[in-house]
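The structure appears right after this line, and notes come after that.
In each ligand, atom 1 is the first atom listed, and ligand 1 is the first ligand listed.
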Amino acid sequence: MALLEHIRIVLVSPLYGGNVGSVCRAMANMGLHDLAIAAPRPLDMDEARMMACHAGHILEGRKEYGTTAEAVADRGMVVGTSARGGLYRQQAVTPREVAPGVLAAAEAGGAALVFGPENDGLGLADLALCTDIVEIPATEAVRSLNLAQAVMVCAYEIFTAAGTYVPPEEKTPPAPAALRERMFGLWRTALLEIGFMDETKADHMMLGLRRVWSRGTLTVDDVRILMGIARQMQWAARMRDEG
Ligand code: SAH
């Protein structure tokens, strides 16, 4: 999706090649491709390539900048991520809250999400460059996520907010009322015939079953299966009575 092309992930001085590779993988999963490394340190590139797996192109295509300021220089919105909050704690929002704004900024020119080093996170100078601060909700006991997992949570929220994911459709449409009523009729008869209930309890029991089966939408396929079961119960009851 074109919008996602205008969102840059900036890693500030990451320490571990494995994390950088995992960040590439998360980005590829979520449709992001623009990776920048600010103030790079030597990385174990074998480890990075191994973890990037299907996202080697993002790893190889990364841009490197001397400073964070240079990595975000052409971006309107700059989102800093921090588990510590500190001075910025009160204004921190969740990835879900920030995602629509990131997409709007991407449309208006460009956005960057900035992630700190594994050992000490983003420093004040880097946070000062940011227009927004995101904190991923986590337990008080362990508030800090693994770097690549923090990137994944943010990228996932942006990807889903972009609305590009369309859940797979049911093979058949919701069953129309008339078909559902035929199914309930068959079940009523079948449950009487197998002796599960008698006529005096039947209406009550059928209301209960309607309630159970209306918790989710019954499709035409669902109703056909249920009708098949009811017919088989009726057949089995007749066999029993004849035998
Ligand atoms: N010890 C560091 C944690 C660094 S984790 C600290 O206390 O800040 C590496 C990076 O992952 C962080 O700089 C941040 O960019 C991101 N990150 C980890 N946990 C996060 C959280 N709960 N919310 C937002 N970003 C987080």
**Request:** Check whether more than 12 heavy atoms from other residues, nucleotides or ligands sit under 6.0 Å from atom OH of Y16, and answer yes or no.
**Result:** no
Output side-chain donor-acceptor pairs under 3.5 Å for residues 40-56, partner residues at least two apart or in another chain, one line each.
from: R41; atom 1: NE; to: S13; atom 2: O; distance (Å): 3.2
from: R41; atom 1: NH2; to: S13; atom 2: O; distance (Å): 2.9
from: D44; atom 1: OD1; to: D46; atom 2: N; distance (Å): 3.1
from: D44; atom 1: OD1; to: E47; atom 2: N; distance (Å): 3.1
from: D46; atom 1: OD1; to: R49; atom 2: NH1; distance (Å): 3.4
from: E47; atom 1: OE1; to: G18; atom 2: N; distance (Å): 2.7
from: R49; atom 1: NE; to: E60; atom 2: OE2; distance (Å): 3.4

Enumerate donor-acceptor pairs with a distance under 3.5 Å from any side-chain N or O in residues 102-111 to protein atoms, sequence neighbours excluded.
none

Run the side-chain donor-acceptor check on residues 192-204: report pairs under 3.5 Å with partners two or more places apart or on a different chain.
from: D198; atom 1: OD1; to: T200; atom 2: N; distance (Å): 3.2
from: D198; atom 1: OD1; to: T200; atom 2: OG1; distance (Å): 2.5
from: D198; atom 1: OD1; to: K201; atom 2: N; distance (Å): 3.3
from: E199; atom 1: OE2; to: R188; atom 2: NH1; distance (Å): 3.1
from: E199; atom 1: OE2; to: R188; atom 2: NH2; distance (Å): 3.1
from: D203; atom 1: OD1; to: R188; atom 2: NH2; distance (Å): 2.7

Quick check for students: name every N or O atom pair between ligand 1 and the protein closer than 3.5 Å, with distances.
from: ligand 1; atom 1: 1 (N); to: N119; atom 2: O; distance (Å): 3.3
from: ligand 1; atom 1: 8 (O); to: R84; atom 2: NE; distance (Å): 3.3
from: ligand 1; atom 1: 13 (O); to: G116; atom 2: N; distance (Å): 3.1
from: ligand 1; atom 1: 15 (O); to: T81; atom 2: O; distance (Å): 3.2
from: ligand 1; atom 1: 15 (O); to: T81; atom 2: OG1; distance (Å): 2.6
from: ligand 1; atom 1: 15 (O); to: G116; atom 2: N; distance (Å): 3.0
from: ligand 1; atom 1: 19 (N); to: L145; atom 2: N; distance (Å): 2.7
from: ligand 1; atom 1: 22 (N); to: I136; atom 2: O; distance (Å): 3.1
from: ligand 1; atom 1: 22 (N); to: R143; atom 2: O; distance (Å): 2.8
from: ligand 1; atom 1: 23 (N); to: I136; atom 2: N; distance (Å): 2.7

**Prompt:** Judged by atom type as modelled, is there a donor-acceptor pair below 3.5 Å linking the side chain of Q234 to the main-chain atoms of L186?
**Reply:** yes
**Message:** For a quick check under 3.5 Å, do S22 and N19 share a side-chain donor-acceptor pair by atom type?
**Reply:** no
